[in-house]
Amino acid sequence: MRLIKYFILVLLTTTMTGQELQIKKEKNLWNNFTYDVGNIFGGVGYSYSRPFHWKGNDWANFGYLTGGTLLLFTVDDELSDWKNGFEDDIPDFVIDYGNEYGSPENNYMFTGGVYLAGLFTKNEKLRRTGVLLISSATAGGFLQQVSKRIIGRARPKSGASSATFDPLHLDRVYDYDSFPSGHAMLAFSNAYAIAKQFKSPWVKGGLYTIGMIPGLVRIIDDFHWVSDVAFSTVLSIFIVESIDRYLDSKYDEKYNDTNPKNVSWNLSFSPNTLGVSLHF
């Protein structure tokens with residue numbers, strides 16, 4: 001009987017020790033880091049695979065996005081001429097912010113800083129936000145770099161019309177890499193992902209506005225057409241939403257736990273209407 005009791009005691013002690021080691025392992029900085037890196041690549045892969053799983057409403061939204069982009073394409077030259085009437089009225093600090101913030105190197109400095117802050121402070125929600133920011137930027141950034149080379153659309157500053165293309169180049173051809181806009185995609189991805197931290201529609205709206213500035217500045221500076229920026233902004237929403245859905249299964253911390261998916265985006269497209277509607 002004593003032998004049995006001793007065996008049970010050893011078994012319980014071993015089990016408890018194993019659980020303690022597992023808890024310590026889960027809280028280890030390196031394990032958190034490697035887990036997050038795996039989720040970054042997993043999120044990118046998940047976002048790229050989503051079109052294979054789209055259903056009716058998803059394809060409808062993609063159709064609206066395509067149709068809206070084509071509609072803007074028909075008036076890109078006119079919109080470019082129209083904005084020339086007030087481009088000198090834009091403050092220099094807004095122009096500087098728009099051009100610098102959306103660049104890849106500055107973007108990854110920001111997103112990496114958010115992630116590292118969450119990692120070292122052991123704040124899972126902030127870590128998850130960093131993972132969402134990095135994976136969204138990576139997915140969108142790679143996609144737009146490949147698309148630029150395939151499509152080869154002339155930039156406004158090239159002097160060519162919006163309908164001028166020099167496609168299918170393995171090497172990047174400058175002044176013929178307008179579509180889509182990397183600055184718009186990276187900046188709005190960040191704004192949209194960070195806005196998920198907040199419930200207030202006013203805070204969300206403010207962040208969205210800040211996130212749209214780089215895209216608008218690139219239009220003002222003749223780097224992009226309006227259709228480039230509009231397409232990139234909406235596409236960044238699709239990317240962030242898909243990766244966020246993937247991360248829901250990977251982290252205990254959710255955004256806005258009381259109603260985590262209460263915000264929905266829909267595209268509207270008709271002869272007299274073109275836009276994006278936000279319901280919350």
Side-chain angles (χ1 to χ4, degrees), residues 29-48 50 94 96-148 180-198 203-218 224 229 232-256 260 263 265:
L29 194 69
W30 175 250
N31 282 281
N32 284 340
F33 174 73
T34 55
Y35 180 76
D36 294 336
V37 170
N39 287 332
I40 288 173
F41 287 103
V44 173
Y46 183 86
S47 67
Y48 286 162
R50 286 308 86 199
V94 174
D96 292 339
Y97 163 76
N99 283 317
E100 294 298 326
Y101 177 69
S103 63
E105 57 272 20
N106 290 330
N107 176 81
Y108 277 108
M109 285 179 61
F110 171 74
T111 57
V114 172
Y115 170 70
L116 290 176
L119 178 66
F120 286 108
T121 61
K122 299 181 180 179
N123 185 320
E124 184 178 304
K125 191 171 185 179
L126 197 56
R127 273 177 53 214
R128 176 194 165 128
T129 300
V131 170
L132 179 58
L133 288 168
I134 295 172
S135 53
S136 298
T138 302
F142 179 76
L143 183 63
Q144 61 92 18
Q145 284 293 329
V146 172
S147 299
K148 285 177 185 293
S181 168
H183 279 67
M185 191 174 293
L186 292 177
F188 199 78
S189 292
N190 288 349
Y192 190 72
I194 292 172
K196 285 180 169 291
Q197 297 266 359
F198 304 95
V203 175
K204 289 179 180 290
L207 288 168
Y208 298 153
T209 300
I210 294 172
M212 292 177 69
I213 291 176
L216 296 176
V217 166
R218 300 294 279 180
H224 288 288
V229 171
S232 302
T233 300
V234 177
L235 184 61
S236 68
I237 296 172
F238 291 170
I239 291 173
V240 173
E241 282 293 342
S242 65
I243 294 176
D244 182 37
R245 205 167 291 121
Y246 169 80
L247 295 180
D248 272 347
S249 64
K250 300 296 181 179
Y251 294 91
D252 293 330
E253 284 287 345
K254 314 295 181 185
Y255 293 118
N256 302 329
V263 177
W265 290 84

**Q** Working note: R50 + F238, criterion side chain to side chain contact (heavy atoms under 4.5 Å, CB included); need CA distance, chi angles, decisive distance, verdict.
**A** CA-CA 10 Å; R50 286 308 86 199; F238 291 170; over 6 Å; no

**Q** A137 and N107: which non-hydrogen atoms are nearest, and at how many Å?
**A** CB-ND2, 3.4 Å

**Q** Taking the side chain as every heavy atom from C-beta outward, state whether M185 and P180 have any pair of such atoms under 4.5 Å apart.
**A** yes

**Q** With no hydrogens and no angle check, is any side-chain donor or acceptor of S181 less than 3.5 Å from a backbone partner on V229?
**A** no

**Q** Just so I know, are the side chains of K196 and V240 near enough to count as touching, which here means a heavy-atom distance under 4.5 Å?
**A** yes

**Q** Using the side chain to side chain contact (heavy atoms under 4.5 Å, CB included) rule, take E241 and R245 through it: C-alpha gap first, then chi angles, then the decisive distance, then the call.
**A** CA-CA 6 Å; E241 282 293 342; R245 205 167 291 121; 3.9 Å; yes

**Q** Would you call the rings of F110 and Y101 parallel, tilted or perpendicular, taking 30° and 60° as the class edges?
**A** perpendicular

**Q** If you take the centroid of each ring, where Trp contributes its six-membered ring, are Y115 and Y108 closer together than 6.0 Å?
**A** no

**Q** Give me the ring orientation class for W30 and F33: parallel if the planes are under 30° apart, tilted from 30 to 60°, perpendicular past 60°.
**A** tilted

**Q** Taking only residues two or more places apart in sequence, or in another chain, which ones meet S103 in a side chain to side chain donor-acceptor pair (under 3.5 Å)?
**A** N106

**Q** Looking only at non-hydrogen atoms, find the nearest pair between G112 and I134 and report the distance.
**A** CA-CD1, 4.3 Å

**Q** Applying ring pair (Phe, Tyr, Trp, His ring centres under 6.0 Å), can you list everything that pairs with F41, at least two apart in sequence or on another chain?
**A** none

**Q** Counting C-beta onward and ignoring hydrogens, is there a side-chain heavy-atom pair between V114 and N190 closer than 4.5 Å?
**A** no

**Q** Please report the closest heavy-atom contact between F188 and Y208, naming both atoms and the distance.
**A** CE1-O, 3.5 Å

**Q** Please check if the side chain of S242 supplies one atom and the backbone of I239 the other of a donor-acceptor pair under 3.5 Å.
**A** yes

**Q** Once you round to the nearest 0.5 Å, how far does CG of L143 lie from NZ of K148?
**A** 11.0 Å

**Q** Can you name the closest pair of heavy atoms from S236 and S189 and give their distance?
**A** CB-OG, 3.2 Å

**Q** Enter the distance from L119:CG to L29:CG here, rounded to the nearest 0.5 Å.
**A** 4.5 Å

**Q** Do you see a donor-acceptor pair shorter than 3.5 Å between the side chains of N39 and Y46?
**A** no

**Q** Flag the pair K250 and D36 as a salt bridge only when some basic side-chain nitrogen lies within less than 4.0 angstrom of an acidic carboxylate oxygen.
**A** no

**Q** Does Y48 have any ring pair (Phe, Tyr, Trp, His ring centres under 6.0 Å) partners at least two apart in sequence or in another chain, and if so, which?
**A** none

**Q** Using a 3.5 Å distance criterion without hydrogens, assess whether the side chain of R128 forms a donor-acceptor pair with backbone atoms of D244.
**A** yes

**Q** Nearest heavy-atom pair of G211 and A191: which atoms, and what distance?
**A** CA-CB, 3.6 Å

**Q** Could you report the tightest heavy-atom contact between I243 and S135, atom names first, then the distance?
**A** CG2-OG, 3.3 Å

**Q** Among all residues two or more places apart in sequence or in another chain, which pass the side chain to side chain donor-acceptor pair (under 3.5 Å) test with E124?
**A** none

**Q** Which residues pass the ring pair (Phe, Tyr, Trp, His ring centres under 6.0 Å) test with F120, sequence neighbours left out?
**A** none

**Q** Holding to salt bridge (Lys or Arg N to Asp or Glu O under 4.0 Å), I want the full list of residues that pass it with R218, two or more places apart in sequence or in another chain.
**A** none

